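A quick write-up on the structure given underneath.
Proteins come first, then strands; the chains are lettered A, B, ... in the order of their sequence lines, and each starts at number 1. In this text the structure is predicted, and so the values were computed from the model without any measurement.
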Amino acid sequence: MPQPFRVVTWNINSLRLRQGLLPDLIGALDPDVICLQETKCPDDLFPPELAAAIGFPHVLFRGMKGYNGVATFSRTPIRRHETTQDWVGRNDCRHLAAEVDARGGPLVIHNFYVPAGGDIPDPAVNPKFAHKLDFVAAARDHFAATPDLRRSILVGDLNIAPLEHDVWSHKQLLKIVSHTPVETALHTEWQQTCFTDGLRHFVPPEEKLYTWWSYRARDWLAADRGRRLDHVWVTHDLRGALRRHVILKDARGWTQPSDHVPVCVELSL
DNA sequence: ATGGTAGAGATTCTA
């Protein structure tokens, strides 16, 4: 009997500030695994009772002071996977790979927080943009070496909106970091190493699709100038198991919201 | 063309 398996990715933008929203997320999506980014929480300050309190007793995290940080919560036991790494030699807590028990055997879930890249889309003058390009290229090269990867899911805030209709205006964002041709080309190369785009599997490319709306808009809902920065990819063997997706846009209107909303993909395993 | 908001934690950086 196949079982649903739901994975959620959410850039929570401070775990300690927004942990009280997790029960709302769980009530809306009933996930099996939750991957968070931008926890901004050092490991020794990770709330010790949180995982049990929300019904996800198995949790792994990699955090640091002030910036970045990822955490993966699971209903069932998980183990840190040996492919967890730093990618470009900085210990800045942007990746966590976990092996999760599921029907049919373990799944490996990669939780990524790709560098945002600063404002100027030129690696020669902006070291943050250079770091972003180097990071994505390193991740691409890693997965290019394992083209037959199976039972793996890659999620996270990848900070790149790859397709024309992943942004509110393709033409106006071509020189804006997150949608420049050099980034979207690298992003596509990375995805095509091993993975199917789990959101565009359900939504045709000519349809607008966003997961992030800036804090800086006067009225984010009315302006609707969003971008699709958060992604769920699955290895090709799992493509036939994809059942549905949810982009929890309501979460952008919650009290004291993140600027990203939770994204859920359900597979039938 | 510009500036707009949010979070951490220290009086500025990152997004």
P spacing across the pair B:dT5 / B:dG9, given as an integer number of angstrom: 22 Å

Residues of residues 115-130 of chain A with a heavy atom under 4.0 Å from any atom of DNA chain B, listed by number, are A:A116, A:K128

Considering only NZ, NE, NH1 and NH2 on the basic side and carboxylate oxygens on the acidic side, decide whether A:K208 and A:D224 come within less than 4.0 Å. no

Return the set of residues passing salt bridge (Lys or Arg N to Asp or Glu O under 4.0 Å) with A:D230 (not counting sequence neighbours), or none when no residue passes. none

5'-most to 3'-most nt of DNA chain B touching chain A (<4.0 Å, heavy-atom partner on protein side) reads B:dG4 to B:dA15

Please state the C1' separation for the pair B:dT14 and B:dA1 - nearest whole angstrom. 24 Å

With A:H142 via ring-ring contact (aromatic ring centres under 6.0 Å, His included) - residues at least two apart: A:W87

Sorted by chain and residue number, the ring-ring contact (aromatic ring centres under 6.0 Å, His included) partners of A:H179 (sequence neighbours excluded) come out as A:H170

Between A:E38 and A:K65, whichever has its closest DNA chain B nucleotide further toward 5' is A:K65

Of A:N13 and A:R216, the one whose nearest nucleotide on DNA chain B sits closer to the 5' end is A:N13

Could you check whether A:R252 gets within reach of a base, just the sugar-phosphate, or nothing at all, counting any heavy atom under 4.0 Å? nothing

When the P atoms of B:dG4 and B:dA10 are considered, how many whole Å apart are they? 26 Å

Which value, in whole Å, describes the distance between the C1' atoms of nucleotides B:dT11 and B:dG7? 15 Å

Expressed in whole Å, how much space separates the P atoms belonging to B:dA8 and B:dT2? 31 Å

Run the salt bridge (Lys or Arg N to Asp or Glu O under 4.0 Å) test against A:R62 and tell me which residues pass, sequence neighbours left out. A:D86

I'd like to know if A:R6 pairs up with A:D30 as an ion pair, taking the criterion as any Lys NZ or Arg NE/NH1/NH2 lying under 4.0 Å from an Asp or Glu carboxylate oxygen. yes

Results of salt bridge (Lys or Arg N to Asp or Glu O under 4.0 Å) for A:R244 - residues two or more places apart only: A:E266

Just to verify, what does A:Y113 make a ring-ring contact (aromatic ring centres under 6.0 Å, His included) with, not counting sequence neighbours? none

Would you indicate what A:R225 reaches in the nucleic acid, counting non-hydrogen atoms under 4.0 angstrom: base, sugar-phosphate, or nothing? nothing

With sequence neighbours left out, the residues meeting salt bridge (Lys or Arg N to Asp or Glu O under 4.0 Å) with A:D141 are none

